[in-house]
Amino acid sequence: MTATLGNRTRKRKAQKELAQLISKKVVPPIVALVLFLAVWQLLCSTLNSNLPGPIETFSETWDPFIIQPFFDNGGNDKGLGWQLLNSLGRVGLGFSLSAFFGIFLGMFIGSNQFFYNAVDPLFQVLRTVPPLAWLPISLAAFQQANPSAIFVIFITSIWPILINTTVGVQQLPQDYRNVARVLKLRGSKYFFKILFPATVPYIFTGLRIGIGLSWLAIVAAEMLVGGVGIGSFIWDAYNTTTETNLSEIILALIYVGLVGLILDKLVAFVARKVVPEEQKN
C-alpha cells in the first residue's frame, strides 16, 4: 500500500514538473511565433508589399525546397539540405582549426606576461577587422574559393576563443597555483590537473561566441565566392529575383537561423557536460 502511494506521489510530481516545463519553456515561444507570423502576414497583405507573407513563402517553396531538401539537378542546382551541409562542412573545418590554435595560443599567451604584452595590441587590432575584409587577402593567397572561405571562418572565429582562453589562464586563482607548487606539479601534470580544468569555462565561452561568428562569416563569404553553399544560394536567388525567389530567400534565412541556433545549443550542451558544476555561474 505504501509503495503504491509512493508511486502515485512521484507520478503526480512528475506530471506537475512536466506541466510547469511546458508552460514556461514551450508555450511562450509558440505564442511568440504565432504572433510573429500573424504580424508578418498582416503587414505583407495590407501594405501592398512585394515581399511574400508566411503563407505564400511556404506554399511557393513547399515543392521541392521543403519536401525535397536533398534534390540534386547537377551543378549548383541543389536542395537546401545539400547547401547547408556544404556550408556546415566549411564551418566545421574552419572552426576546428580556430579552436585548436586559439586554445593553444591562448594558453601560451596567458601564461607568459611578456608575450601577452607584446602581442595583445596586435591582436586587438586584427580582431576588429570585418570578416569579409579578409576575403581578398585569402583569395590572393589561396587562389581558390573553398580554402578562402575556410580561412575567413578561421580568422573570424579565432579571436573570441584566443582572448577568452587567455583571460581564463590569467584569472587562475592563486590558491590553485599554490596547490600546484606544494604538490610539485609541472609540465603536463600542471596543465591537465590545474590549468586546463580551471580555464575550461572561459574556453567554452569563447567557443560559443566563435561558432556563432563562424556561421555568420560563412554565409557572407559564400555570397562572394560562389559554389554550393547556403550563402551562394541566397545570392544567386537574389540575382534572379522573382516573387518565388524571394520566398526561397526567406526560407533559406529561416534555415540559416535554425542551424545557427542548433550550433549554439550544441556547444552549450557540451559545455554543461564538461564544465564542473562548481565552476558554473
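Here the structure is a predicted model, which means the values were calculated and not measured.
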In one Ile/Leu/Val/Met/Phe/Trp/Tyr side-chain cluster, 4.5 Å: [X], [Y]:
X	Y	result
L84	F70	no
F108	V119	yes
F269	Y202	no
I137	V152	no
L132	W215	no

Legend entry - F58-F65 aromatic ring centre distance below 6.0 Å: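 No; F65 has its ring centre 6.0 Å or more from that of F58.
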What distance do [X] atom [atom1] and [Y] atom [atom2] have between them, rounded to the nearest 0.5 Å?
X	Y	atom1	atom2	result
I250	I234	CD1	CD1	11.0 Å
I211	S98	CD1	OG	8.0 Å
L251	T61	CG	OG1	4.5 Å
W62	Q68	CH2	CD	11.0 Å
L258	L253	CG	CG	11.0 Å

[X] side chain vs [Y] backbone, donor-acceptor pair below 3.5 Å:
X	Y	value
S87	I230	yes
S148	S138	yes
N239	W235	yes
E60	T57	no

Show me the donor-acceptor pairs within less than 3.5 Å that the side chains of residues 259-268 make with the rest of the protein, sequence neighbours left out.
unit_1 : atom_1 : unit_2 : atom_2 : d
D264   : OD1    : R208   : NE     : 2.9
D264   : OD2    : R208   : NE     : 3.3
D264   : OD2    : R208   : NH2    : 3.0

Legend entry - Residues, nucleotides or ligands: over 12 heavy atoms within 6.0 Å of F115 CZ: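 No, the 6.0 Å shell around CZ holds no more than 12 heavy atoms from other groups.
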Inset, instruction - Answer yes or no: are there more than 12 heavy-atom neighbours, outside W82 itself, under 6.0 Å from its atom CH2? - result: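 No, the 6.0 Å shell around CH2 holds no more than 12 heavy atoms from other groups.
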Inset, instruction - Could you tell me whether the side chain of T199 reaches within less than 4.5 Å of the side chain of L172, counting heavy atoms only? - result: no
Inset, instruction - With the side chain counted from C-beta on, respond yes when I203 and M107 share a heavy-atom pair under 4.5 Å apart, and no when they do not. - result: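 I203 vs M107: side chains touch.
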Testing the basics here: between [X] and [Y], what is the closest heavy-atom pair and its distance to 0.1 Å?
X	Y	answer
G231	M223	O-CG, 3.3 Å
I218	A149	CD1-CB, 4.0 Å
F71	D77	CE1-OD1, 3.6 Å
S111	L195	OG-CD2, 4.0 Å
I158	G102	CG1-CA, 3.9 Å
P136	A133	CD-O, 3.4 Å

Inset, instruction - Before giving the answer on side-chain contact (heavy atoms from CB on, under 4.5 Å), spell out for W159 and T128 the whole-Å C-alpha distance, their side-chain angles and the decisive distance to 0.1 Å. - result: CA-CA 9 Å; W159 305 119; T128 61; over 6 Å; no
Show which side-chain atoms of residues 88-97 pair as donor or acceptor with protein atoms under 3.5 Å away, not counting sequence neighbours.
unit_1 : atom_1 : unit_2 : atom_2 : d
R90    : NE     : N146   : OD1    : 2.5
R90    : NH1    : E222   : OE2    : 2.5
R90    : NH1    : V228   : O      : 2.9
R90    : NH2    : V228   : O      : 3.1
S96    : OG     : G92    : O      : 2.6

Inset, instruction - Measure up the F151 and W134 rings against each other and bin them: parallel (under 30°), tilted (30 to 60°), perpendicular (over 60°). - result: perpendicular
Name the atoms and distances for all side-chain donor-acceptor pairs under 3.5 Å in residues 163-170, with sequence neighbours left out.
unit_1 : atom_1 : unit_2 : atom_2 : d
N164   : ND2    : P160   : O      : 2.7
T165   : OG1    : I161   : O      : 2.7
T166   : OG1    : L162   : O      : 2.8

Legend entry - Results of side chain to side chain donor-acceptor pair (under 3.5 Å) for Q124 - residues two or more places apart only: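 Checked Q124 against side chain to side chain donor-acceptor pair (under 3.5 Å); matches are D120, R127.
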Legend entry - Residues that D72 engages under salt bridge (charged side-chain N to carboxylate O under 4.0 Å, His left out), provided they are two or more places apart: K78
Pairs of donor and acceptor atoms involving the side chains of residues 34-43, under 3.5 Å and at least two apart or interchain, shall be tabulated with distances.
unit_1 : atom_1 : unit_2 : atom_2 : d
W40    : NE1    : P52    : O      : 3.1
Q41    : OE1    : I55    : N      : 3.2
Q41    : NE2    : S45    : OG     : 3.2

